[in-house]
Amino acid sequence: MPIIEFWILDVSYDVVGGVPEVRMWGVDRAGRKIVVLDRGFRPYFYVVVDEHRGEYEEALRKALSAYTLLGVEAVEKKYFGKPVKAYKLTLTNPRLVPRARESAARLKFVRDVLEADIRFYMRYMVDNGVLPSTWHLAEVEEADKPRQWRVDAVYLAKRPPEPVEDDRSIPPLKTLAFDIECYNRYGEPDPERDPVIIIGVAEEEGVKLYTADNHSDRELLRSFTEHVKRSDPDIIVGYNSNRFDWPYLLERASKNHLKLAVTRAGGQPAPSVYGHISVTGRANVDLYDYAEEIYEVKVKSLENVAEYLGVMRRDERTIIDPNLIYRYWDDPEKRPILLRYAEDDVKSTYGLAGKILPFGIELSSIVGLTLDQVFAASVGNRVEWHLIRQAYRYGELVPNRVERRYETYRGAIVLKPKPGVHENIAVIDFSSMYPNIMIRYNISPDTYVPPGEEVDESEVWIAPEVGHRFRKSPPGFYKKVLERLLEARRRIKEKLRELDPETPEYRILDERQRALKVIANATYGYCGWSGARWYKREVAEATTAWGRMLIKKTIEYARKIGLEVIYGDTDSVFVNYDPEKVEELIRYVEEKLGFDVKVDKVYKKVFFTEAKKRYCGLLEDGRIDVVGLEAVRGDWAEISKEVQEKVIEIILREGDPWKAVEYVKKVIEDLRSGRVPLEKLIIWKTLTKDIEDYEVDAPHVVAAKQLAEAGYRVRRGMKIGYIVTRKGGEKVSSRAKPFFLVKTIDEVDVDYYIRRQIIPAALRILSYFGVKEEHILGGGRQASLIDFLG
DNA sequence: GCCTTGAAGTTACCG
DNA sequence: ACCGGTAACTTCAAGGCG
């Protein structure tokens with residue numbers, strides 16, 4: 001019986017001849033594309049009962065007899081840490097589980113029906129410890145390959161594959177990026193009417209552009225399908241491909257009576273969980289899903305994200321107005337520009353894959369979702385799948401999803417900053433504060449002691465302020481899970497110290513420790529999310545309560561030993577950098593409070609206004625940090641952000657507010673005389689709800705309505721870019737216009753930009769130094785010292 | 001009826 | 001469909017004044 005090693009790319013299942021078959025698609029050590037089948041697993045779920053009784057068993061058999069029931073097994077499990085009795089009901093056909101669940105739930109003695117909503121192939125992976133994006137060993141026999149399957153070999157597993165410990169190497173995976181352009185003469189392209197005109201494909205060997213025959217995309221779609229089949233990629237990446245490219249291609253294929261048979265099972269891509277499109281046997285990754293999480297990039301266009309990740313510079317690429325694509329297509333002179341644009345897009349997409357996939361691969365293997373699902377899944381779902389995996393290891397039943405009403409609880413402490421410029425300031429912060437609090441005080445739904453229950457005080461931790469109690473032992477679910485994550489991360493970081501940062505191994509492990517941190521840190525947020533299976537308000541509430549206690553004690557001690565506390569937020573304190581005292585403070589927190597803290601950074605200078613969560617500082621290496629201020633917000637015009645950034649730079653580097661005033665005046669002059677490009681005046685705001693649901697006509701809502709009227713598809717989640725013009729009413733919103741409808745600076749309400757954008761952004765910093773609006777608007781060169789003192 | 005004021009609605013940030 | 005805390009903008013309606 002041969003033993004093979006393979007790396008899992010995708011997992012699917014089908015029912016063949018009444019038998020469910022789990023299919024693990026992957027790559028073996030020799031680089032062959034293979035699929036390993038397991039026909040030995042059956043779906044099941046649990047019913048919780050008060051006690052095991054023969055008559056219950058009989059009743060269950062009877063009630064479920066119509067659903068190919070294979071067995072009823074009395075089992076002892078744990079539910080929220082408490083031993084419970086249950087029956088494990090095993091069926092043959094996964095598709096019958098939902099109905100079987102209903103029937104079981106109707107029986108009077110059934111207290112709970114659990115785990116009936118775990119998808120079959122996930123059930124298989126969880127129970128057998130099978131991890132996507134990880135090497136496995138499997139004892140197999142070779143099986144016949146169905147004709148349409150596009151793999152080198154099909155194996156039948158004797159038993160479930162086992163993951164190979166400590167081998168995080170990644171096989172050579174063939175990646176294909178694609179991107180489509182559509183004909184859009186009538187606004188938003190409509191697959192009912194408008195053909196696909198270009199499909200760009202980028203791979204290691206280069207870029208290939210497929211084009212439509214004028215307005216017929218039949219051959220184009222065929223060529224693309226053939227290309228993918230020939231090229232046989234392991235990973236397909238796109239940018240917004242789950243929501244746009246794939247649905248569009250599928251619709252066009254259907255119009256043309258074609259099949260986009262690009263999966264390794266021979267079928268078409270199909271909608272799947274978390275709004276992603278599944279290309280069976282391959283990982284179909286939409287990089288936009290990851291881009292959405294890059295908060296530094298405000299408008300998440302492909303160009304912006306590619307620039308941010310160092311994949312392609314904006315000034316090196318062809319940029320055309322996407323609304324005018326059809327003109328470039330129809331005009332033979334301009335068509336080459338469009339082709340270059342398409343080429344740059346698909347090249348960027350391919351480049352992004354190299355930057356993003358290594359993290360996705362590690363995240364996928366940690367939370368146990370396939371590579372293509374892990375990006376599509378929300379943070380909450382990623383955390384939850386990680387928890388479900390762990391629950392299985394500990395014999396814990398998985399709670400059902402339930403609708404709960406939303407409740408609030410108190411969060412962290414934010415200190416009022418001491419306004420002004422401070423020199424030599426150390427920022428001390430707690431390492432992974434919330435995870436460590438949950439571990440230290442054993443905070444978990446299963447260790448929670450409700451108010452009525454009598455327990456000796458010595459046996460519980462009592463949360464400050466809120467009084468919630470948690471048993472000190474045994475270790476709770478969250479504690480075990482978080483300890484395991486942090487421990488794994490600690491081990492990796494240790495190993496990283498011995499590795500050369502230039503090696504692929506270093507990169508992989510560095511991404512892994514990052515993924516571990518992300519999941520650990522998101523677990524607190526998860527436990528306070530009312531949609532979570534393991535939700536418990538008291539858990540989240542106690543965690544923040546202990547957080548407040550810790551930061552308060554830290555501040556108190558800092559003051560006691562003569563450190564001045566300038567500011568603090570949640571898990572950080574800003575103090576004057578007196579190395580000995582800072583050392584002493586750290587020792588206090590570590591020894592007396594029992595938590596890890598470190599000097600995160602040291603500012604040569606840091607500036608605060610009276611506002612919390614907004615400051616800027618000059619670091620020791622000369623870089624400037626801007627936090628919370630307009631300059632780092634996506635909803636201010638570029639011109640205002642630029643001005644504020646420059647003002648901050650002048651203040652921190654030269655300490656001369658009046659020089660900054662001169663600079664601001666100059667920018668205003670430039671704006672008045674039309675020397676500022678229109679792009680710098682665009683204000684971007686997200687449409688967070690459907691347009692009809694808005695109660696007030698905010699400027700971006702009015703702009704969005706204009707877009708809708710002009711025939712554009714306006715959807716929730718879109719960023720609306722508008723410019724404030726002169727024509728219209730009093731209200732700003734009545735003068736807001738979609739940016740690309742504004743053609744010249746003459747239409748712009750320059751005064752709005754000066755008084756409501758540039759001046760506020762500049763004064764946010766400068767007003768502390770006595771600068772007033774008049775100083776910037778006034779004609780005089782420079783205000784006097786008297787102004788400053790007065 | 002006009003002007004001021006503050007609440008409400010809205011977005012995006014911090015940790 | 002991860003949390004609460006926060007600043008700051010725009011709109012809108014209530015309240016004050018005459």
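Per chain, numbering begins at 1; letters A, B, ... match sequence-line order.
Overall, the helix from dG1(B)-dC17(C) to dG15(B)-dC3(C) carries an axis bend of 20° between its ends, with five pairs at each end and the value rounded to 10°.
Atom CD1 in Ile759(A) sits about 17 Å away from atom C1' in dA8(C), given to the nearest Å. Atoms CZ (Arg401(A)) and C1' (dC2(C)) sit 11 Å apart, rounded to a whole Å. Straight-line distance from the CE atom of Met438(A) to the P atom of dC2(C): 16 Å, rounded to whole Å. With rounding to whole Å, Ile720(A) atom CD1 is found 18 Å from dC9(C) atom C1'. Put simply, CD1 on Ile758(A) is 18 Å from P on dA8(C), counting in whole angstrom units. Rounded to an integer number of Å, the gap from Glu730(A) CD to dT4(B) P is 12 Å. When rounded to the nearest whole Å, the span between CZ of Arg537(A) and C1' of dG4(C) equals 14 Å. Between the NZ atom of Lys536(A) and the P atom of dC2(C) there is a distance of 21 Å, given to the nearest Å.
If you check every strand for non-hydrogen atoms under 4.0 Å, Val732(A) touches sugar and phosphate atoms only. Across all strands, Gly411(A) comes closer than 4.0 Å only to sugar-phosphate atoms, never to a base (heavy-atom distances). Residue-level contact check: Tyr406(A) touches the backbone only, with heavy atoms under 4.0 Å from sugar-phosphate atoms and none from bases. Across all strands shown, Arg382(A) has no heavy atoms under 4.0 Å from either base or sugar-phosphate atoms. Looking at heavy-atom distances under 4.0 Å, Asp697(A) makes contact with sugar-phosphate atoms alone, never a base.
Cation-pi check for Lys689(A) over Tyr694(A) is met; the charged atom lies under 6.0 angstrom from the ring centroid and within 45 degrees of its normal. For the pair Lys480(A) and Tyr394(A), the cation-pi criterion (under 6.0 Å, within 45° of the ring axis) is fulfilled.
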Inset, instruction - Would you mind building the protein contact string for nucleotides 8-15 of chain B? One character per nucleotide, 5' to 3', B for base within reach (heavy atoms under 4.0 Å), S for sugar-phosphate only, - for untouched. - result: -SSBBSBS
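Under the 4.5 Å side-chain criterion, counting only non-hydrogen atoms from C-beta, Val582(A) is in contact with Tyr577(A).
Aromatic ring pairs are classed by plane angle as parallel below 30°, tilted from 30° to 60° and perpendicular above 60°; the pair Trp546(A) and Phe470(A) is tilted.
Aromatic rings from Phe574(A) and Tyr615(A) are positioned such that their centres are separated by under 6.0 Å. Checked against the 6.0 Å centroid criterion, the rings of Tyr712(A) and Phe740(A) qualify as a close aromatic pair.
An OP1 or OP2 oxygen of dT6(C) is reached within less than 4.0 angstrom by a side-chain nitrogen or oxygen of Lys612(A). Contact annotation: Arg735(A) side-chain N/O to dT10(C) OP1/OP2 distance is not under 4.0 Å. Remark: Ser733(A) is in phosphate contact with dT11(C), judged by side-chain N or O atoms under 4.0 Å from OP1 or OP2.
Under 4.0 Å is where a charged nitrogen must lie from a carboxylate oxygen, and between Arg537(A) and Glu407(A) at least one such pair does. Under 4.0 Å is where a charged nitrogen must lie from a carboxylate oxygen, and between Lys705(A) and Glu692(A) no such pair does. The pair Glu292(A)-Lys298(A) does not count as a salt bridge, with every side-chain nitrogen at least 4.0 angstrom from each carboxylate oxygen.
Comparing dC2(C), dT10(C), dC3(C) by their nearest atom to the side chain of Tyr752(A) picks out dT10(C). Considering only the side chain of Trp636(A), dA8(C) comes nearest among dA8(C), dT6(C), dC3(C).
Residues that satisfy the ring pair (Phe, Tyr, Trp, His ring centres under 6.0 Å) test with Phe477(A), not counting sequence neighbours, are Trp534(A).
Mapping Glu403(A) and Arg756(A) onto DNA chain C by nearest heavy atom places Glu403(A) closer to the 5' end of the strand.
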